[in-house]
Amino acid sequence: MHSITRKLFLFHVVLFTGCTSTQSVDAKTPTGTVSLSYIARLYSMKMTTFGKKVILQNKYNKLEIETNSRRSWINGVMLWLHEPCRKHGAEWTIREVDFKKSMDPILRTYAYAPKRMPRLVVLDPGHGGHEPGTISPSKIKEKDVVLDISHRVRKLLEAKGIQVRMTRTGDTYPQLDARTTYAYKVGADLFISIHANAAGASSASGVETFVTAAAGYDSSNFYGQAGDKQPQRNNTYDALNSVLGFSIHSNLVKMSKRNDRGLRRARYSVIKKATCPSALVECGFLSNPAEESLLNTSSYRETVARGIANGVLGYFTMIKRALR
Ligand SMILES: [Zn+2]
């Protein structure tokens with residue numbers, strides 16, 4: 001084990017084995033919160049502030065946390081927190097749930113790995129049949145775009161020896177529950193739902209990825225609105241959802257070169273009932289003229305498919321390393 005990895009591992013054994021759900025990991029801050037200075041010490045990171053951001057950095061990773069905001073970045077890729085970074089006394093803090101179920105699993109995946117290698121990926125092209133999803137101004141249907149992208153992802157993953165199944169392979173509409181039930185029945189190790197976005201403002205653009213919100217917290221697409229905060233079946237996989245979602249999202253941003261709208265949280269029906277790590281990917285906005293044109297080209301669809309496939313392959317690689 002690498003020396004810094006060993007140091008972090010020992011630190012976390014102390015941190016998590018001595019901790020119950022009612023105890024805070026950071027005694028200096030209110031229950032359920034962790035100070036950024038504590039995280040900096042934990043990862044042996046140097047902490048600085050720059051404008052509205054607190055920056056934590058060592059030679060391996062860089063965390064940027066925007067103060068009084070839910071936005072953060074890990075190695076330049078945006079991660080939405082469940083709750084804003086707030087000041088308590090002299091300390092900037094985030095919720096423990098964001099540290100334990102998002103940041104730490106992304107940075108130290110080996111500590112959260114499942115007991116065996118994943119084998120089967122189920123891809124879920126959104127919508128289908130009588131349900132077109134979003135329709136662009138020039139009448140391009142989301143259901144067609146995402147089916148094509150999903151076929152491309154399948155081909156790329158199968159070329160790397162990964163087993164893939166799809167919830168639909170043609171223009172049909174499986175019910176949302178039937179999609180996760182199918183994934184469960186075939187023994188899916190990962191479930192990835194693929195969509196294209198729409199917004200009232202045609203200026204909205206970019207790519208975003210969703211994983212299930214942690215129990216007790218708002219979805220980040222409905223922040224501030226009343227929402228169902230009940231625990232969901234998929235919450236069992238909170239940590240690995242973050243690892244999968246972040247791997248897909250960072251590769252998608254890198255490949256597509258579109259605006260990074262972040263890894264977000266939502267209780268979308270199709271992912272909250274998944275019985276394995278799961279993510280929902282939004283590949284661009286059909287309501288944005290530039291992205292509508294892009295989504296209508298096979299080259300952009302292939303680029304997006306490569307981003308998603310690379311994200312899945314990245315996840316497999318991290319788990320393989322952890323199980324060595
Ligand atoms: Zn959709």
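Remember, predicted model here, so these are calculated numbers, not experimental data.
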Worksheet entry | Qualifying side-chain hydrogen bond (donor to acceptor under 3.5 Å, both in side chains) pairs, either residue in residues 271-287, two or more places apart | Asp177-Lys273

Practice prompt. Determine which pairs satisfy side-chain hydrogen bond (donor to acceptor under 3.5 Å, both in side chains) with at least one residue from residues 193-202, sequence neighbours left out, and list them in order.
Written response: Asp124-Ser193, His127-His195, Glu142-His195, Ser193-His195, Asn197-Glu208

From [atom1] ([X]) to [atom2] ([Y]), nearest 0.5 Å:
X: Tyr182; Y: Phe191; atom1: OH; atom2: CZ; result: 10.5 Å
X: Met318; Y: Leu323; atom1: CE; atom2: CG; result: 12.5 Å
X: Lys257; Y: Lys254; atom1: NZ; atom2: NZ; result: 9.5 Å
X: Leu280; Y: Thr209; atom1: CG; atom2: OG1; result: 8.5 Å
X: Thr167; Y: Ile194; atom1: OG1; atom2: CD1; result: 9.0 Å

Transitive ILVMFWY cluster of [X] at side-chain heavy atoms under 4.5 Å: who else is in it?
X: Val97; value: Tyr217
X: Ile55; value: Phe50
X: Leu156; value: none

Give a yes or no answer on whether the side chain of [X] reaches the backbone of [Y] with a donor-acceptor pair at less than 3.5 Å.
X: Asn234; Y: Ala274; answer: yes
X: Lys143; Y: Gly126; answer: no
X: Asn288; Y: Glu291; answer: yes
X: His88; Y: Thr93; answer: no
X: Asp238; Y: Ala214; answer: no
X: Thr297; Y: Leu294; answer: yes
X: Ser247; Y: Leu244; answer: no
X: Asp260; Y: Val77; answer: no
X: Glu83; Y: Leu81; answer: no
X: Trp80; Y: Arg261; answer: yes

Practice prompt. List the steps, then state whether side-chain contact (heavy atoms from CB on, under 4.5 Å) holds for Ile94 with Thr33.
Written response: CA-CA 6 Å; Ile94 59 168; Thr33 66; over 6 Å; no

So, using side chain to side chain donor-acceptor pair (under 3.5 Å) as the criterion, who are the partners of [X] when residues are at least two apart?
X: Ser242; result: Arg265
X: Ser136; result: Glu292
X: Lys53; result: Glu64

Side-chain contact test, heavy atoms from C-beta onward, threshold under 4.5 Å: evaluate it for [X] versus [Y] and give yes or no.
X: Tyr184; Y: Cys276; value: no
X: Pro84; Y: Asn68; value: no
X: Val121; Y: Val312; value: yes
X: Val253; Y: Arg258; value: no

Show every salt bridge (charged side-chain N to carboxylate O under 4.0 Å, His left out) that has at least one partner inside [range], sequence neighbours left out.
range: residues 314-324; result: none
range: residues 147-158; result: Asp148-Arg152, Asp148-Arg301, Arg152-Glu302, Arg154-Glu158
range: residues 189-207; result: Arg116-Asp189

Can you give me the closest heavy-atom contact between [X] and [Y], atom names plus distance?
X: Val164; Y: Leu123; answer: CG1-CD1, 3.7 Å
X: Ser269; Y: Leu176; answer: CB-CD1, 3.9 Å
X: Pro105; Y: Thr109; answer: O-OG1, 2.8 Å

Worksheet item: Under the side chain to side chain contact (heavy atoms under 4.5 Å, CB included) test, which residues partner Ser69, sequence neighbours left out?
Response: Glu66, Arg71

Practice prompt. Would you please test Tyr43 and Asp104 for side-chain contact (heavy atoms from CB on, under 4.5 Å) and show each step?
Written response: CA-CA 10 Å; Tyr43 293 134; Asp104 197 50; 2.5 Å; yes

Fill in: Lys/Arg cation over aromatic Tyr173: Arg179, 6.0 Å, 45° cone
yes

Discussion item. Tell me whether the NZ or CZ atom of Arg108 lies within the 45° cone about the ring axis of Tyr110 and under 6.0 Å from its centre.
Written reply: yes

Discussion item. Quick check on the hydrophobic clustering: are Phe285 and Phe210 connected, directly or via other members, by side-chain heavy-atom contacts under 4.5 Å?
Written reply: no

